Number of protein chains: 2
Amino acid sequence: MRIGEIAALVGLTTRAIRHYHHVGLLPEPERRPNGYRAYSVRDAVLLARVRRLTELGLSLDEVRDALADDAGRELAEVLEELDADLARQEADIRERRCRLSALLAEPPGATGPVSPALAALLAQAPRTDSPSAAKDREYLTLMDATSSGSQEIFALLGTLVADPAVVELYERLDALAEAPADDPRIAPLAADLMAAVPEELFAAIPEDGAVVTGFKEALLAEYTPAQAEVVGRLMDAFMERGRG
Amino acid sequence: MRIGEIAALVGLTTRAIRHYHHVGLLPEPERRPNGYRAYSVRDAVLLARVRRLTELGLSLDEVRDALADDAGRELAEVLEELDADLARQEADIRERRCRLSALLAEPPGATGPVSPALAALLAQAPRTDSPSAAKDREYLTLMDATSSGSQEIFALLGTLVADPAVVELYERLDALAEAPADDPRIAPLAADLMAAVPEELFAAIPEDGAVVTGFKEALLAEYTPAQAEVVGRLMDAFMERGRG
DNA sequence: TAGAAACCCTGCCGTTGCGTCAAGGTCAAG
DNA sequence: CTTGACCTTGACGCAACGGCAGGGTTTCTA
């Protein structure tokens, strides 16, 4: 048989068969005088075996091991491992589909998918157009996606957010947008903000060490000087009390 | 933030982030005077979004589309498509695991996995050490793996194989191993073989056209001249009666 | 008998989503 | 002043082939 014939017979492409030769899965057969590969029925049997195994999901390396004459022993081992792997993949896919369906069911949130804890928090928050509040929501979404222990933090924030007084605090921060770094409103706002934070929250903030340093700078860079002053004092307070 | 910091923050590798820049998924951020990339919190938010979407199984191209500002519309579309794809994969894996478990449950057959029809046939066949019979079993396994309509053929063969007389036919074929191509035993053996084949079987053999031509030659090459003579006559009979 | 269709050959690039060097520059601490 | 831990660009590697280029062979057909 020529390569096209055996390919059609076992249901592979000629390219795949040549590839198997190339990687040493199947030895190159004899050649006809014109250079064409001349396949035997044995080759077809072997290729059929290869096809069944690859269709099961074995890699070519695994197929090579499984076909390495001592078949029985190795094969069962590889197959069990493969089954475990497939089980993992199946569970993985199921979980993804689960999250996907949750995502498809909730189109209004343009921010993307969020955890239930954060969703509850955002729903609870008073409506406001404050840019500072918008930023805060963004950062919360970030925490939600990155920090693992954010659930309890969101729960603690719930009590804070439910208070309509926070809107006023956000607006006072907004008002500092164009102010200089030594504006007299900075200190009292920082004090009021810290007073509004429940005590347990200071302990709940995770301490990621080096990461926090860079993050803090980046965060401050998002604010105008006077606002950064306020936010910076808040963060310093968190870092100090978090340690102690 | 430097790249290592933001990477740790959102749970990606620095290499992945640079890759995202490279493929245009995320624009290159500003640089510090020393050439380091300087990331903002916005970038972290974006990267967190990318991470969530890639974890769901979207390709980077799809993520790019989904993040392309007009989010809402495109995204739902892509996600639904993705869900359908995942459903396919899930079904696929389930089927593979199914075949795998069937394979693991039956370790004795060193020939590899076979269809139930063929398994029944082989179990029914009388025990013999005839090399010709071994070859036949091998070719049947090949048919089982390649030819789709082999079920009915196996069923028809069942009546043939159940007859203990076939063993004698195989042994007569074996006996021709060293014989010349004009051995007088050839004609009667071919006649007896053809007589043993049930009439329906001639019609059941599929006609694959060109594939058969090459396959026939390869098959004959597996036998010694006298044996090939016998097998060749059988095959010719099949091809003629199959047509008519 | 020539030309076209349908084969075959080798070899190399492209795919996906990064990992992994290589060969350097930068920065804080000991 | 030297580690060591960062950062930079650039290029190759991976799995399992698909596709194309640039040729030769065989076979069917007009």
Side-chain angles (χ1 to χ4, degrees), chain A residues 1-26 28-39 43 47 50-65 82 85 89 92 208-215 217-218, chain B residues 1-26 28-39 43 47 50-65 82 85 89 92 208-215 217-218:
Chain A
M1 283 177 287
R2 290 171 303 176
I3 194 170
E5 292 167 340
I6 198 176
L9 182 61
V10 301
L12 293 168
T13 65
T14 63
R15 192 64 186 77
I17 295 178
R18 278 194 275 256
H19 182 58
Y20 296 158
H21 292 320
H22 191 69
V23 299
L25 215 171
L26 191 73
E28 288 270 2
E30 302 292 301
R31 300 294 183 119
R32 295 187 186 176
N34 59 16
Y36 289 12
R37 293 178 178 82
Y39 291 92
D43 293 322
L47 279 177
V50 169
R51 177 157 126 91
R52 263 192 311 234
L53 292 177
T54 58
E55 274 180 349
L56 283 173
L58 279 83
S59 73
L60 296 191
D61 283 350
E62 290 168 327
V63 171
R64 185 174 19 235
D65 293 351
L82 175 65
D85 194 50
Q89 286 183 39
D92 201 61
D208 277 9
V211 173
V212 177
T213 325
F215 178 73
E217 287 170 22
Chain B
M1 282 178 287
R2 289 171 303 176
I3 195 170
E5 292 167 340
I6 199 176
L9 182 62
V10 300
L12 294 167
T13 65
T14 62
R15 190 60 186 83
I17 295 177
R18 278 193 275 256
H19 183 59
Y20 296 158
H21 292 319
H22 192 68
V23 299
L25 214 173
L26 190 72
E28 289 269 3
E30 301 293 302
R31 299 296 183 119
R32 294 187 186 175
N34 60 14
Y36 290 12
R37 292 179 178 82
Y39 291 92
D43 293 321
L47 279 177
V50 169
R51 177 156 126 90
R52 264 192 310 236
L53 292 177
T54 58
E55 275 180 349
L56 282 173
L58 280 83
S59 73
L60 297 191
D61 282 351
E62 290 168 328
V63 171
R64 183 173 23 236
D65 293 351
L82 175 65
D85 195 50
Q89 287 183 38
D92 202 61
D208 278 9
V211 174
V212 177
T213 326
F215 177 74
E217 288 169 21

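In what follows, chains carry the letters A, B, and so on, assigned in the order in which the sequence lines appear, proteins first and then strands, with residues in each chain numbered from 1. Hydrogens, waters and symmetry mates play no part in the numbers below; they use all other heavy atoms, side chains included. Keep in mind that this is a model prediction, so the values were computed, not measured.
Between A:Ser59 atom OG and A:Asp65 atom CG the span is 8.0 Å, to the nearest 0.5 Å.
Using a 4.5 Å heavy-atom cutoff, the side chains of A:Asp43 and A:Ile6 are in contact. A heavy-atom distance below 4.5 Å is found between the side chains of A:Arg18 and A:Arg37. You'll find the side chain of A:Ile3 stays beyond 4.5 Å of the side chain of A:Tyr36, heavy atoms only. Looking at heavy atoms from C-beta onward, A:Leu9 lies out of side-chain contact with A:Glu5 at the 4.5 angstrom threshold. Inter-residue side-chain proximity for B:Leu47 and B:Arg51 is flagged as unmet; no heavy-atom pair is nearer than 4.5 Å. Using a 4.5 Å heavy-atom cutoff, the side chains of B:Tyr20 and B:Leu12 are in contact.
Taking the 5' to 3' direction, DNA chain C first and last meets chain A under 4.0 angstrom from a heavy atom at C:dC7 to C:dC12.
We find that NE2 of A:His19 is positioned 11 Å from C1' of D:dG18, with the value rounded to whole Å. Here D:dT26 presents its C1' atom at 19 Å from CE of A:Met1, a figure rounded to the nearest Å.
Close to D:dA16, at under 4.0 Å from its OP1 or OP2, lies no side-chain N or O of A:Tyr20.
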Using a 4.0 Å cut-off on protein heavy atoms (strictly under), produce a 5'-to-3' string for nucleotides 1-15 of chain D with B for base contact, S for backbone-only sugar-phosphate contact, and - for none. -----BSBB-B----
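Under the side-chain hydrogen bond (donor to acceptor under 3.5 Å, both in side chains) criterion, A:His19 pairs with no residue at all, not counting sequence neighbours.
Within the nucleic acid shown, A:Thr13 comes within 4.0 Å of sugar-phosphate atoms alone, with no base atom in reach, counting heavy atoms only.
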